[in-house]
J.: 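The structure is given below, and queries will be raised subsequently.
Here is the naming used below: chain letters follow the sequence lines, and residue numbers restart at 1 for every chain. Note that this is a predicted model, so its numbers are computed, not measured.
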Amino acid sequence: MKKAFIIFGTLLCLTFSYVNYFGISVWDSMKIGKWGPGGPGTYHK
Amino acid sequence: MAGEIPPQSAPKKNPKVFDCPSCGGGVHLRALGHTVTVVCASCGTLIDTTNENHKILSSAAQKIKVEPLIPLGQRGKIFDVTWEVIGFMQRSDGSGQYHWREYLLFNPAQGFRWLTEFDGHWNFVVSIKDKPTLFEAGGSSHVDYKGKSFQLFLKGAAKVNFVLGEFYWRVKTGERVQVKDFIAPPEILSYEANKEEIIWSLGQYVAPEEIRTAFQIDKAMPMRLGVAPNQPAAFDSKGISISNYWLIFVAILLILQIFFAVGVKNEKVYEGAFSYLSDDLQKVKVTPSFELTGGKKNLDLKFYSPVQNSWIEFQVDLVNEKTGEVREFEKGIEYYSGTDSDGYWTEGSQVSHVLLSAVPAGLYHLNIEASSAKTSSTFLYATFEPKKLDYTVVVTRDVSNWSNFFGAFLALSILPAFAWWNKRSFERARWSTSDYSPYEIEEEEEEE
């Protein structure tokens, strides 16, 4: 149990560093759709 | 009631056997030179072994007969020492409601130990010579022994109901002592006192499987019922606990968060003002292009509109001009205020934010389509004029963001929270059989 928690905590800290470095907001990514060429938006310019 | 004896040379393989002076049955002496009394397995006669003629101390048949799970003479290895079962007794509390069994173990070099069993829980017990320090205050008390604090768990009496085999004192059925148990799982300190002496002994919880393996027990082991006073909790382990690791990881996350929060550029890349007109033919407003630099970083879009008892909603596309990739989202602003019997109130905000994560570098623009109520209105009376609302948009690159930290904090806390809840339930179950439960005081306070 303790070993599993140490592994989980270590992976969590590494993931946390990764997402912060690349400006990923996990919560906001879940709320807003992903990029997609020809997606629902329209190129207006 | 375990005792220490001076080490002897090699253990005697063959016990001395003599005829019971009462029934003539064979009586074994395994701890020769230490045994004071022995109970004949055939007739239950209590024999004085210190007397050359094996004087009968008591020939009255015992009221009950109990078959020990581990037979006398059985050997087993516990904590790397081989012990032989030489005596057995069943005792009960003062009311006679609860019974437990005690096996006297002997090793010529180590002396005597006890193996006790109650409700399927086992303890390996040794008597101690140095007296623990007793602290009593109010209704509770504890003892300190070798730097460890033991909490009072039980006070009462213990009575011998049945004896079998040999003992190093003059044992007899019906013998009563006053007992107190103090616990510091997985250990238990027991105090036993009669008119002549006070004995302290230290017990260590042993898993039933270990007892079964050690003594090669092929019968069914007594089923474990409830939680024993000194049974270690499943989540207890030696060394650093999960909660301490949790603290370490939270500290690491906090340091990382501060590091990233301090390192952000917070660069404003665009600011523009627009107006919404309900009868505007050009619904979509297109911002000038703005450059995003520095790899993948987040993007904060701040919308402001001085709405009053109204709302405005934006359908926004962030368009990468090179690739044509679009990220679309909606965001609304609503703000209401008024006065009622409780005074002035407000609801909502005139500002709202959207955070877009991991936006690659490139040239971008925004397509913004605003919508609101078709007309200007009050709560009671609608005025049929086209509605006009101003709004501003501010785009900021690489801003600090705490949502990842709180998400990670929650994810990290699930297992420790479960472990804490599990341990607490376990402790409540442990103390439920005690008159000195700290949880009863808590429950009383909760009820009040």
J.: Of the non-hydrogen atoms in A:Gly9 and B:Phe249, which two are nearest, and what is the gap between them?
T.: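 Shortest heavy-atom separation between A:Gly9 and B:Phe249 comes out as C-CE2, 3.4 Å.
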J.: Using non-hydrogen atoms only, which part of B:Phe259 is less than 4.5 Å away from chain A: side chain, backbone, both, or neither?
T.: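 Contact with chain A involves no heavy atom of B:Phe259 at all.
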J.: What are the two closest heavy atoms between A:Phe5 and B:Leu415, and how far apart are they?
T.: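 So the two residues come closest at CD1-CD2, 3.5 Å.
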J.: Heavy atoms only: give me the nearest B:Leu256-A:Ser17 pair and the separation to one decimal.
T.: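 Minimum heavy-atom separation between B:Leu256 and A:Ser17: CD1-OG, 3.4 Å.
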J.: Only pairs at least two apart or in different chains count here, so list each side chain to side chain donor-acceptor pair (under 3.5 Å) that has a residue in residues 261-272 of chain B.
T.: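 Counting only pairs at least two positions apart or across chains, the side chain to side chain donor-acceptor pair (under 3.5 Å) contacts touching residues 261-272 of chain B are B:Lys268-B:Glu271.
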J.: Does any backbone or side-chain atom of A:Phe8 lie under 4.5 Å from a heavy atom of chain B? Answer side chain, backbone, both or neither.
T.: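 The side chain, not the backbone.
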J.: Going from CD1 on A:Ile6 to CD1 on B:Ile242, what distance comes out if it is rounded to the nearest 0.5 angstrom?
T.: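 The CD1 atom of A:Ile6 sits 8.5 Å away from the CD1 atom of B:Ile242.
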J.: Could you tell me which portion of B:Gln257 (side chain, backbone, both or neither) has an atom closer than 4.5 angstrom to a non-hydrogen atom of chain A?
T.: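 Looking at B:Gln257, backbone and side chain both touch chain A.
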J.: Roughly how far apart are B:Asn404 CG and A:Ser25 OG, rounded to 0.5 Å?
T.: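 Rounded to the nearest 0.5 Å, the CG-OG separation comes to 5.0 Å.
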J.: Tell me, out of B:Leu253, B:Ile252, B:Val316, B:Val250, who's got the most heavy-atom pairs with chain A below 4.5 Å.
T.: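 Among B:Leu253, B:Ile252, B:Val316, B:Val250, the one with the most close pairs to chain A is B:Leu253.
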J.: So with a 6.0 Å cut-off around CD of B:Gln204, is the heavy-atom count from everything else above 12?
T.: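 Enclosed.
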J.: Need one label for A:Thr10: side chain, backbone, both or neither, based on atoms under 4.5 Å from any heavy atom in chain B.
T.: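 Both backbone and side chain of A:Thr10 come within 4.5 Å of chain B.
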J.: Would you give the length of the straight line joining atom CH2 of B:Trp402 to atom CG of A:Asn20, rounded to the nearest 0.5 angstrom?
T.: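 Between B:Trp402 CH2 and A:Asn20 CG, I get 10.5 Å after rounding to 0.5 Å.
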J.: Could you list all the side chain to side chain donor-acceptor pair (under 3.5 Å) pairs where at least one residue sits in residues 292-302 of chain B, not counting sequence neighbours?
T.: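 Applying side chain to side chain donor-acceptor pair (under 3.5 Å) to every pair that reaches into residues 292-302 of chain B, excluding sequence neighbours, yields B:Asp300-B:His353.
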